[in-house]
Amino acid sequence: METIKDKDFVRLIDKQKINERIQELGEQISKTYKDKDPIILGILNGSFMFLSDILKTLQFSCQVSFLKLQSYQKMSSTEKVRQVLGLQEDIKGRHVIIVEDIVDTGNTMDWLLTHLKKHKPADIAIATLLFKPKALIKDISIDYCGFEIKNDFVVGYGLDYNGYGRNLPEIYVLKSE
Ligand code: IMP
């Protein structure tokens with residue numbers, strides 16, 4: 001068990017499972033993108049660990065950049081997405097792969113897709129480590145998903161509870177009372 005601030009969390013996905021799944025996703029992505037010179041967009045803050053690990057499995061030439069978005073407050077998603085750090089690269093005509101930690105309601109991803117499409121990329125794929133299908137309220141299709149999870153709050157491996165817990169190497173879920 002892990003205690004983060006005022007909450008207790010129990011382990012949901014261990015390091016070995018995370019590594020194995022990332023390896024599989026990396027192989028899949030490598031097959032599709034081997035001659036496409038894509039640009040990989042990591043969404044900060046939550047994706048930094050997933051991005052770092054999946055990048056090492058990719059066997060093709062690519063560029064990497066970051067966007068910083070904010071929509072979550074404490075333990076719930078808000079409709080309003082804020083762009084804190086914007087796109088620096090020209091993505092016109094490029095193949096874009098978004099790397100996200102988790103898709104929950106899909107609000108962030110929906111906002112991001114609308115925003116990126118204005119820059120006329122060749123196409124956009126979504127890679128997310130975690131996905132909560134029961135929380136999804138937007139019409140989004142995910143191309144590469146690590147794990148589908150229940151509609152529970154998770155932390156670790158980049159994901160936070162109120163800014164804490166990102167450094168945990170495995171994924172933890174809020175302990176039920
Ligand atoms: P969405 O806009 O509701 O899909 O939420 C996306 C963002 O909310 C993610 O990028 C995370 O930063 C955050 N988020 C969603 N669910 C969780 C969770 O269970 N734990 C921690 N952060 C989460």
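In listed order, ligands and their atoms are each counted from 1.
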(message) Please report the interatomic distance CG(D160) to CD1(I4), rounded to the nearest 0.5 Å.
(response) 9.0 Å

(request) Give a yes/no verdict on whether any heavy atom in K132 is under 4.0 Å from an atom of ligand 1. (result) yes

(request) With heavy atoms under 4.0 Å as the rule, classify the contact between L159 and ligand 1 as side chain, backbone, both or neither. (result) side chain

(request) Select the closest option to atom 1 (P) of ligand 1 among I43, T105, L69, judged by heavy-atom distance. (result) T105

(message) So, applying side-chain hydrogen bond (donor to acceptor under 3.5 Å, both in side chains) with N19, which one of K15, K17, R21 is it?
(response) K15

(message) Taking a cutoff of less than 4.0 Å between a non-hydrogen atom of the residue and any ligand atom, is D160 in contact with ligand 1?
(response) yes

(message) Just to be sure I read this right, does ligand 1 sit under 4.0 Å from the backbone of D101, its side chain, both, or neither, counting only heavy atoms?
(response) side chain

(request) Just jot down the ligand 1 atoms closer than 4.0 angstrom to any heavy atom of N107, in number order. (result) 2 (O), 4 (O)

(request) Work out whether the distance between some heavy atom of E100 and some atom of ligand 1 is less than 4.0 Å. (result) yes

(request) Run the salt-bridge test on K175 and D8 with the 4.0 Å N-O cut-off and return the result as yes or no. (result) no

(request) State whether D53 and K56 are salt-bridged, where the test is any N-O pair (Lys NZ or Arg NE/NH1/NH2 against Asp/Glu carboxylate O) under 4.0 Å. (result) yes

(message) Side chain or backbone, does G106 bring an N or O within less than 3.5 Å of an N or O on ligand 1?
(response) yes

(message) Closer than 4.0 Å to some heavy atom of T108 - which atoms of ligand 1 meet that?
(response) 1 (P), 2 (O), 5 (O), 6 (C)

(request) Report yes if F153 has an N/O atom closer than 3.5 Å to an N/O atom of ligand 1; otherwise report no. (result) no

(message) Is a donor from one side chain sitting under 3.5 angstrom from an acceptor on the other, for E100 and S47?
(response) no

(request) Examine the side chains of Q16 and E20 and answer whether a donor and an acceptor come within less than 3.5 Å of each other. (result) yes

(message) Quick check with a 6.0 Å cut-off and a 45 degree axis cone: is K5 positioned over the face of Y164's six-membered ring?
(response) yes

